[in-house]
Amino acid sequence: MADRNVFPAVWAYSNLSANATTTIKSGSGIFHGVTINNVGAGGNTLTVYDNTAGSGTVIATIDTVELNGRYLPFDVRFGTGLTVVMATGTAADITVTYQ
């Protein structure tokens with residue numbers, strides 16, 4: 001009989017609210033998703049990379065201006081690392097979930 005109290009995954013998180021390049025995790029893992037807690041302004045974007053730098057393989061490019069309160073699920077594997085770049089205009093407040 002399976003243990004009903006076992007969760008299939010425990011997600012780590014990182015909350016960001018400034019325009020910057022941020023390496024969230026080095027090495028492989030799973031990018032679970034991103035929540036736009038408060039929108040950005042002036043064309044603010046969030047680019048998610050499979051890398052330990054703000055370049056290379058793009059997982060997603062997200063317009064943070066139009067998505068207030070939205071959770072965007074991805075559930076994709078990354079191999080090198082998880083880095084996000086928030087840029088342009090006024091930064092959004094976001095939460096990135098990953099494993």
Side-chain angles (χ1 to χ4, degrees):
M1 178 181 235
D3 183 352
R4 294 181 185 198
N5 294 319
V6 175
F7 294 96
V10 176
W11 304 107
Y13 67 91
S14 183
N15 179 258
L16 305 169
S17 60
N19 285 340
T21 298
T22 306
T23 300
I24 295 176
K25 182 179 181 192
S26 294
S28 64
I30 299 171
F31 171 45
H32 182 54
V34 63
T35 301
I36 311 297
N37 302 309
N38 290 301
V39 295
N44 187 250
T45 60
L46 178 72
T47 305
V48 182
Y49 292 94
D50 180 352
N51 204 346
T52 55
S55 61
T57 303
V58 174
I59 296 173
T61 302
I62 300 164
D63 176 353
T64 69
V65 176
E66 299 296 325
L67 299 171
N68 194 37
R70 294 282 308 271
Y71 170 70
L72 306 170
F74 285 90
D75 291 329
V76 296
R77 292 188 183 278
F78 55 88
T80 305
L82 183 62
T83 296
V84 297
V85 177
M86 194 156 22
T88 312
T90 303
D93 181 294
I94 65 163
T95 301
V96 177
T97 50
Y98 63 96
Q99 188 178 55

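- Criterion: ILVMFWY side-chain heavy atoms under 4.5 Å apart, direct or through other members. Under it, Y98 and V48 are part of a common hydrophobic cluster.
- Residues K25 and Q99 come closest through the heavy atom pair NZ-O, 3.3 Å.
- With T97 contributing its side chain and G33 its backbone, the two residues share a donor-acceptor pair below 3.5 Å.
- Cluster annotation: I62 and L16 are assigned to the same hydrophobic cluster (Ile/Leu/Val/Met/Phe/Trp/Tyr, side-chain heavy-atom contacts under 4.5 Å, transitive).
- Residues M86 and A91 share a closest heavy-atom pair of SD-CB, 4.1 Å.
- Each of I30 and I24 belongs to its own hydrophobic cluster when Ile, Leu, Val, Met, Phe, Trp and Tyr are linked at side-chain heavy-atom distances under 4.5 angstrom.
- When each of T35, N37, N38 is checked for a side chain to side chain donor-acceptor pair (under 3.5 Å) with D93, only N37 meets the rule.
- Counting only distance, with no hydrogens or angles, the side chain of T83 and the backbone of N51 share a donor-acceptor pair below 3.5 Å.
- In this structure, V65 is not a member of the same hydrophobic cluster as V85, with clusters built from ILVMFWY side-chain heavy atoms closer than 4.5 Å.
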Listed pairs under 3.5 Å, donor-acceptor, residues 69-82 side chains, sequence neighbours left out:
unit_1, atom_1, unit_2, atom_2, d
Y71, OH, H32, O, 3.3
Y71, OH, H32, NE2, 3.1
D75, OD1, H32, ND1, 2.5

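- The heavy-atom pair separating A92 from G40 by the smallest distance is CB-N, 3.4 Å.
- At distances below 3.5 Å, at least one donor-acceptor pair connects side-chain atoms of T23 with backbone N or O atoms of T52.
- Between Y49 and I59 there is no side-chain heavy-atom pair separated by less than 4.5 Å.
- Within the structure, every pair that satisfies the side chain to side chain donor-acceptor pair (under 3.5 Å) test and touches residues 53-69, not counting sequence neighbours, is listed here: N44-T64.
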